[in-house]
Amino acid sequence: MSSHNNNNNYSSQQQESSSSLSSSEDVLLFNNLNQRSLSITQQRLALPVYQLRKHILHLLETKQTLVVVGHTGCGKTTQIPQYLYEAGWCDGGRCIAVTQPRRVAATSVAVRVAEEMGESTVGGKVGYTIRFDDQTTNTTAIKYMTDGMLLREMMVDPLLSRYPVVMIDEAHERSLSTDLVIGLLKKVMVRRPDLRVIVSSATLDAEDFCNYFNLNKDSNDKTKDTCAILSIEGRNYPVDLHYLEEPTANYVDTTVKTIVDIHLTQTPGDVLVFLTGQDEIETVRRQLIDRLSDDPTNQQHQYTIVPIYSGLPLEKQMKVFAPPNIHKRKIVLATNIAETSITIDGIVYVVDCGFVKIKSYSGRSGTDSLVVVPTSQASANQRAGRAGRNRSGKCYRLYTEAAFAKLDVHTIPEIQRSNLSSVVLQLKALGIDNILAFDFLSPPVADSLVRALELLYALGAIDDYAKLTSPIGMTMAELPTEPPFSKMILSAASDFGCSEECLSIVAMLTIPGIQYNQSLVRKQFGVKEGDHLTLLNIYNSYVDIKQKDQSGWCHDNGLNAKAMTRVLQGNNNNDTKKVDPSVLVRKAIVSGFFSNAARLLPDGSYQTIKDKRNLWIHPTSIIGTINSPEWVIFHDVIITTKEFMKELTVIEPNWLSEIAPHYYSK
DNA sequence: GAGCACTGC
């Protein structure tokens, strides 16, 4: 059976451990084709994109923007930059920038392309730049980078003068920073007619991108268009779509039934199931084990269930990459991580529950929360496509065909469902004064822009004329943290002399999954001032432990050792001076988070001071188990069964009028 | 007494 001849996949993925979690279609293509025996040149010539090489180069002579539509594995990410290089676009020490939404993709593609170009290492002719890791030199001609990194470069060099060409890869994902880069590039192109922009996107978006970048608005003469679309055939096999006849009232049950059915009636081939979250995955896993072991035929049908979601430790995530086995069906239960971030080989059957959990921002309350919503058509098609990578496959959509037709065509871009204070701050730092008039590809609702401006004003980052302040606003824009965090760090340094402590707290709040045993951690480290100082207590205790003992110490204290290592990496703070941080640190927190102040009500809930929202203490907070303070500052709100405040710190009410008098009048 | 999709500087 041809679909199972790819046992070499695993070994090649092991060799390139970083690429096994990569979304880079092109890198994975080489693994899939099992063409290691072919020379690199032969491999390059065999790629679908090669047929369009001359066409691409010709279009770039006449058009300023090129939208490239290419499915999984057509070779666009690795090949197009090389064609440009070979055609002389990098002559004279110039460099092509290629952006990726994720770090692993940027690094693994760079490694692959360096190899194709005969380089012994990455960082010469081909390099990459991601946060904390810049592998480029002044001879680098092709540079892969995260789009966030390109944004940072634009703050230093707004016209991107060293790049003749910028390629935005995976633009259809519409991440926050991709959208920002796109909006800024459109402005740059007016000032730099020589700049060429290549946008790689999915079919559904291509027209939108093209209309956006096309500067020929007045003439119907198509030859005057400044943007062209180019489609590259994919390497995907056909996928049979199966819909439900009738809608289901409980898609979790239907998911289980469908998987059992596939397992007992369909030919060998692995199954990939899309669910919305960790809990759902666990539920389905348990029910599946019950159902499948009840079945007397299961002796002939060996199976293994592998969950994957980002919260899972990396070693467990790696289990989905075990090579396909004809005698043992792999059933992968996944969140959206399998739709964009990782690609699993050997999938023949996809089960799509039809829902997704996404971030949603309420402009009115200014908080974001996670909600389960129906997927978009684009997302459903992406999921289905995962069944056709190695051979033809089947996709079971757990909704009716009529329901599919009614789904949104696209997922709402992140910029339209996010808190925009960081975005606005960055645009201000790039000299964009009138944010409301900025030509976004998908403009956010004006309300959330105004809300972001208000917060930045309250934090002192912009002045009465909405101009970036100096030095506060300028410095905040340079810090890679959310504006309230940035302000807290700045005040800690300038007013309260506790920057080490505050940096440690920010680092602890930024790394997810630090505590695996909540109650143990609380017992060991909890302090009455609240969660922020508890986190500081954990951090300081961790630093005091000798390095060789840290791992065991973490385990004994309910902490995730790997997560703690990452805290240290991001926090170059070797100073172990011991000041009593109790009041100073809490005041610094207030200077960033004063808008998140709340007061105790008689029923045990809290009310925010400014907009009178009713909130509850989240049960994971140290506050509430120790006492019920009258005044608190919270870091975050999570909306589940109630609206909960997470990460709380006890404050004195007069600190509010002392630190944020412009925001609170007594 | 609840439970966090996914990224990035």
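Quick note on labels: first sequence line is chain A, next is B, and so on, each numbered from 1.
Among B:dA5, B:dC6, B:dA2, the nucleotide with an atom closest to any side-chain atom of A:Q278 is B:dA5. Here the side chain of A:K357 is nearest to one of B:dC9, B:dG1, B:dC4, namely B:dC4. The side chain of A:S341 lies closest to B:dC6 when the candidates are B:dC9, B:dC6, B:dG8. Closest approach to the A:I638 side chain among B:dC4, B:dA2, B:dC6 is made by B:dC4 (side chain taken as heavy atoms from C-beta onward). If you check B:dC9, B:dG1, B:dA5 against the side chain of A:R103, the one that comes closest is B:dC9. Here the nucleotide nearest the side chain of A:S310, chosen from B:dA2, B:dG8, B:dA5, is B:dA5.
A donor-acceptor distance shorter than 3.5 angstrom exists from the side chain of A:R522 to the backbone of A:S621, with no hydrogens or angles considered. A:S605 places no side-chain N or O within donor-acceptor distance of the main-chain N or O of A:W616, the cut-off being under 3.5 Å. Judged purely by atom type and a 3.5 angstrom limit, A:Y144 uses its side chain to pair as donor or acceptor with the backbone of A:T77. Checking side-chain atoms of A:T129 against main-chain N and O of A:D134 turns up no donor-acceptor pair under 3.5 Å.
As judged by a 4.0 angstrom heavy-atom cut-off over every strand, A:T335 is placed among residues touching the sugar-phosphate backbone only. Residue A:S422 is out of contact with every strand shown, counting any heavy-atom pair closer than 4.0 Å. Here A:E414 lies out of heavy-atom contact (under 4.0 Å) with every strand. Within the 4.0 angstrom heavy-atom criterion, only backbone atoms of the sugar-phosphate kind lie near A:T146; the bases stay farther away. Using a 4.0 Å heavy-atom cutoff across all strands shown, A:I130 reaches sugar-phosphate atoms only and no base atom.
Between the CD1 atom of A:I412 and the P atom of B:dC6 there is a distance of 19 Å, rounded to whole Å. In this entry the distance linking OH of A:Y309 with C1' of B:dA5 reads 13 Å, nearest Å. In this structure, the OH atom of A:Y361 is 19 Å from the C1' atom of B:dT7, given to the nearest Å. Atom-to-atom, CG of A:L151 to P of B:dC9 comes out at 11 Å; the value is rounded to the nearest Å. Rounded to an integer number of Å, the gap from CZ of A:R522 to P of B:dG1 is 12 Å. With rounding to whole Å, A:Q100 atom CD is found 20 Å from B:dC6 atom P. Taking atom CE of residue A:M645 and atom P of nucleotide B:dC4, one finds them 17 Å apart after rounding to whole Å. Nucleotide B:dA5 holds its P atom 20 Å from the CG atom of A:L176, rounded to whole Å.
A:F485 and A:F593 have their aromatic ring centers within a separation under 6.0 angstrom.
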#### Entry: Test log, rule salt bridge (charged side-chain N to carboxylate O under 4.0 Å, His left out), inputs A:R599 and A:E630
CA-CA 6 Å; A:R599 185 179 190 178; A:E630 188 172 0; 2.7 Å; yes
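Applying the 4.0 Å criterion to OP1 and OP2 of B:dG8, one finds that A:R152 has every side-chain N and O outside that range.
Where A:T510 and A:H618 meet DNA chain B, the nucleotide closest to each residue was compared, and A:H618 sits on the side nearer the 5' end. The residue among A:T481 and A:K646 whose nearest nucleotide of DNA chain B is located toward the 5' end is A:K646.
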